[in-house]
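For reference, the structure is listed below as structure tokens.
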Amino acid sequence: MELQKSMRDFDAANIRVYALSYDEADALRDFRDAHGITYTLLSDPDSDAIRSFGILNTLIDPNDHPWYGIPYPGAVVVSAEGTITRKFFDNNLAVRAGPERLLWAALGEPVVEPLADQPAPLGVQVRVSLDGDHLAFTVQRDLVVRFDVPEGRHVYAAPAPQGSLAVDVTLDENDRLVQRPIVRPASEPHALAGTGESFQVHHGVFELRLPLAVNSFSRSAAPDITISGEVRWQCCDDEVCDPPASRRFELAVPVSGPPAHALRDSRAATLEPNAAAHFRRMSERRKDPG
Amino acid sequence: MRLELETRGTRTDKGWRDHDGFVGPRQPGTGPRSDPRGDFPTGPEVGAAMPDLRCLTADGPAFDLHAHRAGRPAVFIFFRSAVW
């Protein structure tokens with residue numbers, strides 16, 4: 001459903017979107033009609049396609065109905081020529097790549113460039129923003145920390161030499177948010193002329209990305225979530241280093257409501273009145289596939 | 001590839017909190033919450049041809065991915081279920 005909100009962007013870019021599950025075709029029709037889904041839903045009730053792609057979750061016991069038959073969930077991006085150009089899979093069943101990430105992967109990643117007609121920065125400039133305009137339950141979106149380092153200077157990449165500080169971002173404790181490992185850009189080696197000492201640095205304009213999702217069981221009524229934390233770095237040139245620097249940030253971001261679950265929520269059940277029957281049937285047919 | 005089941009989790013007053021911090025009703029390592037720890041299969045490698053998967057559309061007819069996308073790029077998602 002979160003994906004549907006971005007379908008205008010996929011359509012405008014002429015990118016087809018398919019979503020396959022082990023549900024029966026009529027269950028998918030009900031889901032599509034209840035939620036106005038316009039991407040193509042595909043039914044693989046015997047998990048043949050999931051198996052042939054090689055991603056059947058074999059950690060689930062074949063007699064554990066109706067769970068057996070699901071894939072390790074994920075997404076693949078296919079080029080116009082039919083080649084797989086990118087894959088998004090996560091160990092955690094609850095995590096899915098945000099629509100922005102999928103769209104960028106299909107279009108080609110945006111290149112991070114200095115802002116036009118902005119004077120060259122005198123010090124390190126840091127800007128913190130979020131991919132997309134809201135957060136949603138279990139849908140992963142990146143907190144983007146953009147650095148602009150003046151020419152002739154660098155900041156330490158991770159791991160920094162002993163006694164120095166690598167560029168980093170940390171979040172304040174917040175049990176409504178789940179964060180995933182930080183994504184750092186490739187760093188460059190930098191050798192000091194005097195000593196020949198070499199370490200890894202970042203130059204110019206670059207981004208750190210911290211993937212975030214809202215915890216699905218965090219049923220807070222607050223419509224916004226505050227993402228707060230601290231960015232740290234240490235900037236140097238070939239001669240001297242500034243002391244370690246830091247900056248606090250605080251973003252208030254709207255959270256879309258938790259997905260109403262037709263098996264547990266009477267309002268959602270009104271929208272999908274057959275959900276309980278679909279669930280019963282999917283359990284029973286797997287016990288007796290005959 | 002040797003698959004290992006992720007079972008780490010702690011019980012909280014809101015449900016089971018998994019290794020990553022997600023809280024849910026099921027204990028990690030059981031039922032649909034049978035996540036892999038470490039490496040797990042993700043299908044053909046990047047650079048390989050996308051296979052022509054055989055399945056049905058929601059309306060019933062057999063589906064042919066490459067015929068349907070007709071030379072357009074695509075995002076193909078494998079998800080758990082639209083029912084639960």
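The figures here come from the full heavy-atom set of this structure, side chains too, leaving out hydrogens, waters and symmetry mates. Since we're looking at a predicted model, the values are computed, not measured. Each chain gets a letter, A, B and so on, in the order the sequences are listed, and its residues count up from 1.
- The closest side-chain donor-acceptor pair between His278(A) and Asp23(A), if any, does not fall under 3.5 angstrom.
- Interface residue Ile84(A): backbone and side-chain heavy atoms are both found under 4.5 Å from chain B.
- Residue Arg69(B) places its CZ atom among more than 12 non-hydrogen atoms of other residues, nucleotides or ligands, all under 6.0 Å distant.
- With a 4.5 Å cut-off on non-hydrogen atoms, Phe76(B) touches chain A through its backbone and its side chain both.
- For Tyr22(A), the parts sitting under 4.5 Å from any heavy atom of chain B are the backbone and the side chain alike.
- Looking at Leu177(A), neither its backbone nor its side chain comes within 4.5 Å of chain B, counting heavy atoms on both sides.
- Contact of His68(B) with chain A is made through backbone and side chain together, with heavy-atom distances under 4.5 Å.
- Side-chain atoms of His35(A) and Arg32(A) form no donor-acceptor pair, as typed in the model, at a separation below 3.5 Å.
- Here Ala58(B) is the residue among Ala58(B), Gly38(B), Ala48(B) with the most heavy-atom pairs under 4.5 Å with chain A.
- Proximity to chain A (any heavy atom under 4.5 Å) is restricted, for Pro51(B), to the side chain, taken from C-beta onward.
- Classified by interplanar angle (parallel below 30°, tilted 30° to 60°, perpendicular above 60°), the ring pair Phe279(A)/Trp67(A) is tilted.
- Among Thr42(B), Leu3(B), Val46(B), the residue with the largest count of heavy-atom pairs under 4.5 Å with chain A is Thr42(B).
- Considering only heavy-atom pairs separated by less than 4.5 Å from chain B, the leading option among Asn14(A), Asp64(A), Leu28(A), Leu103(A) is Asn14(A).
- In terms of heavy-atom pairs under 4.5 Å with chain A, the best-connected choice from Arg33(B), Arg37(B), Arg26(B) is Arg26(B).
- Shortest non-hydrogen contact noted between Ile50(A) and Gly69(A) is CD1-O, 3.6 Å.
- Using a 4.0 Å cut-off between charged side-chain N and carboxylate O, Arg180(A) and Asp142(A) make no salt bridge.
- Chain B forms the most heavy-atom pairs under 4.5 Å with one residue out of Phe89(A), Phe31(A), Phe10(A), Phe53(A), and that residue is Phe53(A).
- The contact between Phe40(B) and chain A is made entirely by side chain atoms (from C-beta outward), counting heavy-atom distances below 4.5 Å.
- Using a 4.5 Å cut-off between heavy atoms, Asn92(A) contacts chain B through both its backbone and its side chain.
- A side-chain donor-acceptor contact under 3.5 Å links Asn274(A) and Asp30(A).
- For the 3.5 Å distance criterion, the side chains of Thr83(A) and Glu81(A) fail to qualify, holding no donor opposite an acceptor.
- Looking at Leu102(A) and Phe88(A), their side chains come closer than 4.5 Å, going by heavy atoms from C-beta outward.
- Residues Tyr18(A) and Tyr39(A) place their aromatic rings such that the two centres sit no closer than 6.0 Å.
- Within the 4.5 angstrom heavy-atom criterion, no atom of Glu24(A) approaches chain B.
- The two residues Ala27(A) and Val83(B) have their closest heavy-atom pair at CB-CG2, 3.7 Å.
- Taking Ile37(A), Asp44(A), Asp90(A) one by one and counting their heavy-atom pairs under 4.5 Å with chain B, the maximum is reached by Asp90(A).
- Interface remark: Arg54(B) contributes backbone atoms only to the contact with chain A (heavy atom separation under 4.5 Å).
- Within the 3.5 Å criterion, the main-chain N or O of Arg8(B) finds a donor-acceptor partner in the side chain of Glu6(B).
- Interface check for chain A: of the options Gly29(B), Pro41(B), Gly21(B), Gly31(B), the most heavy-atom pairs under 4.5 Å are formed by Pro41(B).
- For the set Gly43(B), Pro32(B), Ser34(B), Ala82(B), the count of heavy-atom pairs under 4.5 angstrom toward chain A peaks at Pro32(B).
- At a 4.5 Å heavy-atom cutoff, the contact between Asp59(B) and chain A is made by backbone and side-chain atoms alike.
- Heavy atoms closer than 4.5 Å to chain B are found in the side chain of Asn57(A), but not in its backbone.
- When the candidates Pro73(A), Gly82(A), Ala213(A) are compared by the number of heavy-atom contacts under 4.5 Å with chain B, Gly82(A) comes out ahead.
- Interface check for chain B: of the options Asp61(A), Thr85(A), Ile55(A), Leu56(A), the most heavy-atom pairs under 4.5 Å are formed by Ile55(A).
- Highest contact tally toward chain A, considering only Pro28(B), Cys55(B), Ala70(B), is held by Cys55(B) [criterion: heavy-atom pairs under 4.5 Å].
- In terms of heavy-atom pairs under 4.5 angstrom with chain B, the leader among Leu41(A), Leu42(A), Ile70(A) is Leu42(A).
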List the steps and the verdict of side-chain contact (heavy atoms from CB on, under 4.5 Å) for Ile77(B) and Leu3(A).
-> CA-CA 11 Å; Ile77(B) 296 164; Leu3(A) 180 63; 3.5 Å; yes

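- The minimum heavy-atom distance linking Phe78(B) with Leu53(B) is given by the pair CZ-CD1, 3.7 Å.
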